[in-house]
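All chains are named by letter (A, B, ...) in the order of the sequence lines, taking the proteins before the strands, and each is independently numbered beginning at 1.
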Amino acid sequence: MSRNLVLSLSPHDKGGENVQKIMWGVVIALSPALLASFYYFGWNAMRVVLLGMVFCMGTEYLVQTFMIKQKSTFMDGSAAVTGLLLSFNVPASIPWWQLLVGSVVAIGIAKMAFGGLGKNPFNPALVGRAFMLASFPVHMTSWPKPLENAWSFGVDAVTAATPLGKLSEGGVAALPELGSLDLYKDLLLGRVGGCIGETAAIAILIGGVYMLFRGIITWHIPLIYLASLAATTGIFWMLDPGKYADPLFHVLAGGAMLGAWFMATDMVTSPMTSGGQVIFALGGGVICGLIRLFGAYPEGCSYSILIMNAFVPLIDRAFPPRRFGREVKHG
Amino acid sequence: MNPVIVYSVVVLGLVAAGAAVILFVVAKKFKVDEDPRIDEVTEMLPGANCGGCGYPGCRGLAEALVRATDKGDLGGLMCPPGGNETMARIGEYLGVAVEEAGPTVAVVRCGGSRAKAPAKLEYDGPERCSIAHSLFAGESGCAYGCLGLGDCVTACDFDAIHMNRETGLPEVDEEKCVSCGACVTACPRNLIEIRPLGRNGRRVWVACMNREPGGVARKACKAACIGCGLCVKACPEKIQAITLENNLAYIDPAKCIACGLCIPVCPTGAIQATFEPVKPKPKAAAAATAPSGS
Amino acid sequence: MRLRTFPKGGVHPSENKISAGETIQVLPIPSRVQLHLGQHLGAPAVPVVSKGDRVRVGSRIAEGKSFISAHLHSSVSGTVAKIDDVIDASGYRRPAVVIDVDGDEWEADIDRSPELIREIKVDAETIVERIKAAGVVGLGGACFPTHVKYIFPEGKRADTVIINAVECEPYLTSDHRLMLERADEILVGVQILMRAARVESAIIGIEANKPDAIEIMSRKARSLPGIEVIPLKVQYPQGAEKQLIKALLNREVPSGRLPLDVGCVVNNVGTALAVYEAVQKNKPLVERVVTFTGRHLPATGNFLVRLGVPAADMAAHLGIELDEETAKVISGGPMMGKAIAGLDVPVTKGTSGIVLLSESHARRHQVQNCIRCSRCITVCPMGLEPWLLEKMAQLDRFEECESAGAADCIECGSCSYTCPSSRPLLDFIRYGKVNVMRIRAARRQK
């Protein structure tokens with residue numbers, strides 16, 4: 001015998017999945033939305049997305065290297081996903097330093113302070129966004145108009161209100177095109193004002209289907225979240241179509257698609273069993289609908305997910321998986 | 001005055017008063033009568049809640065001490081970290097006599113360092129002795145020796161035991177060790193023993209637990225006790241502190257006078273001491289390797 | 001037709017059934033064998049021979065005295081060299097009988113003719129007696145004494161005998177080869193087991209990756225009333241008793257209960273053959289089929305090996321030496337087998353295979369934080385939460401381990417296999433389970 005044999009407990013075989021593959025898989029799934037954002041918002045989008053990723057990964061590297069003093073795992077893809085999602089959730093015209101603040105909050109406070117990967121109770125990108133929205137309300141709510149001046153430098157962006165913003169300000173009257181096919185087409189393709197990555201519903205959908213196909217997520221959270229949002233808004237629409245917008249509009253507008261497919265499905269901050277995921281998504285959809293209909297903010301998607309994040313430990317306890325041989329009668 | 005301030009003060013004052021009343025009523029109603037001595041004794045204990053006494057935390061021991069006092073004597077109850085000083089104070093307070101126990105310290109009974117017991121296998125799994133122990137005999141092949149994964153280090157609440165990276169064996173910090181016995185329980189191989197500190201800190205022990213016949217033991221580890229019995233013969237006739245059972249020597253700390261005569265005669269250097277032994281006579285020194293004093 | 005399988009959990013590791021095409025070879029007898037006294041689940045057998053005694057093949061050398069225990073027979077003829085502690089596969093010393101071989105003389109009452117005896121002349125009690133006398137244990141790997149399964153407690157009845165021919169472990173092919181080469185004997189063995197259990201029906205479950213075995217067994221079983229061969233979808237751990245019953249009959253064995261509670265007795269296909277030999281040929285369990293395999297090896301094989309023969313003999317027969325390339329040796333399959341310290345260990349009743357892994361497959365991956373991906377929950381066939389059990393066991397919180405169902409874990413390893421963070425889930429679950437069992441035993445004592 002010429003070498004030391006390795007001994008370990010079973011199993012001795014290992015599946016091919018790992019954290020890196022999952023996280024970079026999410027990045028790949030986000031790329032259609034990324035391309036759409038380049039198309040609509042041009043250099044600015046590219047600038048924000050790159051900065052967001054660099055800031056987030058940089059923060060992770062610095063915190064791990066100099067504060068926790070451990071080998072940095074900033075390349076495992078999770079910080080990249082946070083960076084991407086954070087920049088997807090801000091307007092293309094955001095100043096770089098505000099994005100830096102958001103990234104530091106997202107990675108430094110929402111993630112690393114809780115113990116790093118897998119330990120954070122709240123979605124880091126959403127915490128970063130919520131912090132930015134509270135700190136820089138003006139910049140966070142002035143939206144460049146898509147396709148205008150996208151590929152020119154230094155021109156002040158023309159601002160456009162988001163459909164949800166108009167709805168919140170002036171009610172259904174402010175959105176006369178409601179109910180016309182063009183509006184839904186615009187929403188689907190992303191020809192509306194809004195955050196960088198959230199506007200083109202179709203691009204997000206492609207990414208979501210890719211994740212379903214790869215087995216990164218299951219259908220429960222996104223579909224039930226959107227269904228529950230549609231149901232909540234739909235009830236009020238049926239009661240008074242003159243006052244409330246229709247459910248299809250709500251599903252396609254704002255960050256609902258991005259939230260349902262990419263933020264609510266974040267595995268770290270969502271429940272682990274399918275039963276729990278259903279409850280999580282139901283609650284999220286209802287809260288999002290209620291904020292949009294009656295809240296002070298025009299958009300409630302990110303808050304709805306953050307609120308449900310807080311319930312995840314409870315949901316995990318309340319909905320354990322069905323145990324084999326536990327609920328059968330024996331005699 | 002600004003009405004806001006007035007209202008705030010009034011409202012908060014009312015809330016506070018209401019809460020105070022509730023607290024008072026609840027405290028009266030649910031008051032549990034408890035021997036006040038328990039609180040006092042708990043105060044005197046170190047408060048580390050290490051469990052070394054065998055009770056859940058310091059309060060548990062305090063209750064046991066008070067109960068024992070009512071029966072007449074402390075019945076050997078002891079706070080190992082607190083030591084004699086603490087016990088004397090408690091005894092004085094409770095009005096009972098306390099037997100004085102000599103100071104003790106944890107001792108690691110394995111000398112299978114990386115050099116003496118080289119790895120013939122490689123363990124790949126969680127850094128837990130208890131798990132490795134369930135898998136196999138150990139990287140060196142010695143089924144009695146230290147696995148080197150530090151369950152004792154994790155168990156210690158006093159930062160008194162550390163892994164020596166070079167030897168792969170744990171080392172006890174005599175200054176910090178309170179002989180609570182947590183490491184003794186944690187070690188799946190039962191390698192750690194609480195032994196008297198010894199006069200001037202002088203103590204001698206057999207750093208091996210291998211009960212295999214000499215040849216087998218040597219194959220796994222060059223520092224193994226091979227049960228040759230030379231140490232038994234070397235021990236002064238009046239003392240007779242060393243016994244040999246199942247191919248393994250054991251030095252009874254109650255009898256041992258720490259003369260160090262057994263150390264140089266051990267052909268494998270399995271006997272360790274806290275002091276440098278007297279220079280061996282040339283004849284006996286032939287096969288002896290100098291033990292490391294820690 | 002949609003193939004049956006168990007509904008919840010499971011994984012599909014690479015099958016690597018490299019040796020499936022190798023016919024079973026008889027391995028020559030070495031000059032010395034070591035027979036461990038604890039080759040089965042339950043109390044170790046007590047030796048009934050002493051040093052210097054002459055034994056023949058099939059001589060009883062140790063007896064299982066307690067209810068759950070099994071007899072042990074000499075696998076060679078020769079002289080008892082010693083009865084002493086011998087180092088086993090894990091490096092610990094366990095009691096064993098060591099026999100120096102001298103010729104190959106069998107006990108006179110063993111029928112060694114190759115002739116197939118179809119007619120079963122004895123009744124259920126005698127069958128169980130003979131199985132016990134032959135020291136037959138479950139040959140799938142758990143080594144539960146077979147006769148104990150057929151001693152039904154008061155009031156319990158079975159309706160089906162299930163024959164486990166799933167062989168869901170990657171690499172292993174010994175059961176597969178047995179079905180191809182000894183189908184007739186196996187089927188008589190199944191009929192014997194049916195009579196022992198007093199049932200009219202038996203099901204043989206075979207995974208769909210063995211179409212040739214399914215074909216042969218179905219063809220031969222067609223003329224036999226009550227025996228049905230059911231192909232199953234390939235999914236690990238289908239060979240686990242509870243999962244197999246669920247897959248075949250859609251019955252769920254309640255937690256902490258036995259298959260008999262849902263009217264089933266489950267036996268491995270190799271056990272069926274051993275039962276045939278014990279009952280019809282009066283031959284004790286002295287040999288078994290072992291797969292010797294590995295992806296990097298120039299040759300692999302299936303061997304009929306006498307118990308107590310070192311695994312190294314198989315390697316030598318194939319012309320294989322342990323060199324730099326082999327980094328890990330496993331006794332059993334890669335999912336549930338045990339890593340062992342070398343090839344010098346003797347084959348026991350439970351050795352279904354010896355698998356050699358090369359460096360690239362031997363080591364675990366870097367452990368990362370749990371990302372709560374819930375894949376462990378998805379793959380756990382018992383519906384447990386492996387991540388939670390790991391966490392609780394790590395913190396020594398055994399009460400929580402118990403309430404989270406650590407005792408239900410079948411240690412299939414699907415969780416560790418699938419974990420993207422490469423966490424040592426099963427290592428800690430097993431640690432928790434051991435402690436839960438210890439606490440339960442202490443509670444019962446009280």
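Open room surrounds OH on Y7(B); 12 or fewer heavy atoms of other groups in view lie less than 6.0 Å from it. Under a cut-off of 6.0 angstrom, the local environment of CD in E166(B) is sparse, with at most 12 non-hydrogen atoms contributed by other residues, nucleotides or ligands. Other residues, nucleotides and ligands contribute over 12 non-hydrogen atoms within 6.0 Å of the CZ atom of F136(A).
Residues passing the side-chain contact (heavy atoms from CB on, under 4.5 Å) test with A220(B), sequence neighbours excluded: C142(B).
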What would the table of donor-acceptor pairs between chain B and chain A look like if you include every N and O pair under 3.5 Å, whether backbone or side chain?
{"unit_1": "A119(B)", "atom_1": "O", "unit_2": "N4(A)", "atom_2": "ND2", "d": "3.3"}
{"unit_1": "E122(B)", "atom_1": "N", "unit_2": "L5(A)", "atom_2": "O", "d": "2.7"}
{"unit_1": "E122(B)", "atom_1": "O", "unit_2": "L7(A)", "atom_2": "N", "d": "2.6"}
{"unit_1": "D124(B)", "atom_1": "N", "unit_2": "L7(A)", "atom_2": "O", "d": "2.9"}

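Heavy atoms only, all atoms of each residue included: L121(B) and L7(A) are closest at CD2-CD1, 3.5 Å.
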